Amino acid sequence: MFLDNNAEIVARELLGGILVRNIGNNELIARIVETEAYYGNDDPASRACKNGDLRKTMEMSAGTILVYGVHNNWMLNFVTGEKGKAEAVLIRAVEPLNFDSRCNGPGLLTKALEIDKSFHKRSIIKNKDLRILRKKECFDIEKSFRIGVSRDSEKPLRFYIKNNDFVSRK
DNA sequence: CATATGATGGACT
DNA sequence: GTCCATCATATGG
């Protein structure tokens, strides 16, 4: 499964992927346009160094949904890498395909897709309410340093689709 | 129970 | 770019 890879690889693989959220009879479809990779070890930006539960969740097997709350926002992450590795990818922005809502930020997209802590530690693989599809598509991937962190690692771990209007920041 | 703390967002200059 | 409201967590007593 593609989520088994290193967080950095998965962050890139996830771009262009389709997120399908079922709410009752409604189906919300969105395209992932911006991601960030996070590590539990050797990552000055990651809260996983201080936060036990976050760390533990990142060590779970690939495909585990990780929901992290900060201020009054939820952030949607997918655990990646081998079990015990403490890696995850944060979904920072999506492009709404069949609905109209601002999703250009980690807190905004969870609000739009009605994702909250109830998804925490559930698996994306066998989830009916939230699914992820991969799509073959060509686009340029742009990278930059992560956003909102006081001290980032040495290499850029944020990836987004070039020239896409729905990314949180150019 | 009390308190510290943001992987934010929005408003404003 | 800067400022800051605001609240779910984690952690410690």
Side-chain angles (χ1 to χ4, degrees), chain A residues 3 5-17 19 21 23 28 30-81 84-96 99-124 129-130 132 141-161 164-170:
Chain A
L3 289 166
N5 269 313
N6 177 283
E8 220 170 311
I9 311 282
V10 177
R12 266 189 288 256
E13 291 262 322
L14 241 24
L15 289 178
L19 223 45
R21 168 79 169 107
I23 305 168
L28 300 178
R31 181 162 164 256
I32 299 169
V33 298
E34 182 179 347
T35 59
E36 282 180 4
Y38 278 89
Y39 298 95
N41 299 319
D42 303 320
D43 189 343
S46 180
R47 306 295 145 245
C49 305
K50 296 191 286 191
N51 182 325
D53 179 60
L54 185 55
R55 171 59 181 270
K56 248 178 87 182
T57 311
M58 283 171 82
E59 288 176 355
M60 291 171 78
S61 49
T64 304
I65 300 170
L66 192 165
V67 179
Y68 178 59
V70 60
H71 292 85
N72 45 334
N73 299 288
W74 298 113
M75 325 241 146
L76 175 64
N77 303 250
F78 297 123
V79 175
T80 69
K85 271 282 207 172
E87 301 183 357
V89 172
L90 165 69
I91 311 299
R92 278 196 60 88
V94 298
E95 172 184 347
F99 61 102
D100 195 24
S101 188
R102 290 187 54 220
C103 296
N104 55 330
L108 293 174
L109 78 90
T110 51
K111 235 170 231 156
L113 297 178
E114 294 181 34
I115 289 165
D116 60 18
K117 193 76 175 179
S118 64
F119 282 91
H120 191 53
K121 290 184 181 171
R122 280 162 69 182
S123 170
I124 189 67
D129 301 332
L130 182 67
I132 184 161
I141 293 176
E142 197 78 45
K143 51 180 167 177
S144 79
F145 291 98
R146 291 172 296 187
I147 290 180
V149 297
S150 45
R151 195 171 152 246
D152 206 344
S153 62
E154 308 198 344
K155 41 181 183 172
L157 289 174
R158 169 176 177 250
F159 306 94
Y160 59 97
I161 297 179
N164 188 100
D165 292 333
F166 296 87
V167 301
S168 60
R169 192 190 112 191
K170 312 271 168 172

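Order of the sequence lines sets the chain letters (A, B, ...), proteins ahead of strands, with each chain counted from 1. Just so you know, these numbers come straight off a predicted model, no measurement behind them.
Considering only side-chain atoms of A:Lys50, the nucleotide from B:dT8, B:dG6, B:dG10 that sits closest is B:dG6. In this structure, the nucleotide among B:dG10, C:dA10, B:dT8 sitting nearest to the side chain of A:Leu108 is B:dG10.
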Short heteroatom pairs, N/O only, protein and nucleotides 1-8 of chain C, under 3.5 Å:
unit_1, atom_1, unit_2, atom_2, d
C:dC7, O2, A:His71, O, 3.0

Taking N or O atoms only and anything under 3.5 Å, show me the protein contacts with nucleotides 11-13 of chain B, one pair per line.
none

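Atom pair A:Tyr68:OH and C:dA10:P shows a separation of 9 Å (rounding to whole Å applied). Here B:dT8 presents its P atom at 13 Å from NZ of A:Lys111, a figure rounded to the nearest Å. Here the P atom of nucleotide B:dG6 and the CD atom of A:Glu36 are 16 Å apart, to the nearest Å. The distance from atom CG of A:Leu76 to atom C1' of B:dT8 is 15 Å, rounded to the nearest whole Å.
In this structure, A:Asp53 reaches the sugar-phosphate backbone alone: every heavy-atom distance under 4.0 Å involves primed, P, OP1 or OP2 atoms, never a base.
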Which pairs of donor and acceptor atoms, one on a side chain in residues 84-96 of chain A, lie under 3.5 Å apart (sequence neighbours left out)?
unit_1, atom_1, unit_2, atom_2, d
A:Glu87, OE1, A:Ala7, N, 3.0
A:Glu87, OE1, A:Thr80, OG1, 3.4
A:Arg92, NE, A:Glu34, OE2, 3.0
A:Arg92, NH2, A:Ser168, OG, 3.3
A:Glu95, OE1, A:Arg31, NH1, 2.8

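With sequence neighbours excluded, the residues satisfying side chain to side chain contact (heavy atoms under 4.5 Å, CB included) with A:Lys143 are A:Pro156, A:Phe159. Looking at residues two or more places apart in sequence or on another chain, you find a side chain to side chain contact (heavy atoms under 4.5 Å, CB included) between A:Ala112 and A:Phe99, A:Ser101, A:Cys103.
Contact annotation: the side chain of A:Arg21 approaches that of A:Asp129 to within less than 4.5 Å [non-hydrogen atoms, C-beta and beyond].
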Pairing string of DNA chain B (Watson-Crick or G-U wobble, both atom distances under 3.5 Å; | = paired to other strand) is ||||||.|||||.
How far apart are the C-alpha atoms of A:Glu36 and A:Ile147, what are their side-chain angles, what is the distance that settles it, and do they pass the side-chain contact (heavy atoms from CB on, under 4.5 Å) test? CA-CA 9 Å; A:Glu36 282 180 4; A:Ile147 290 180; 3.9 Å; yes
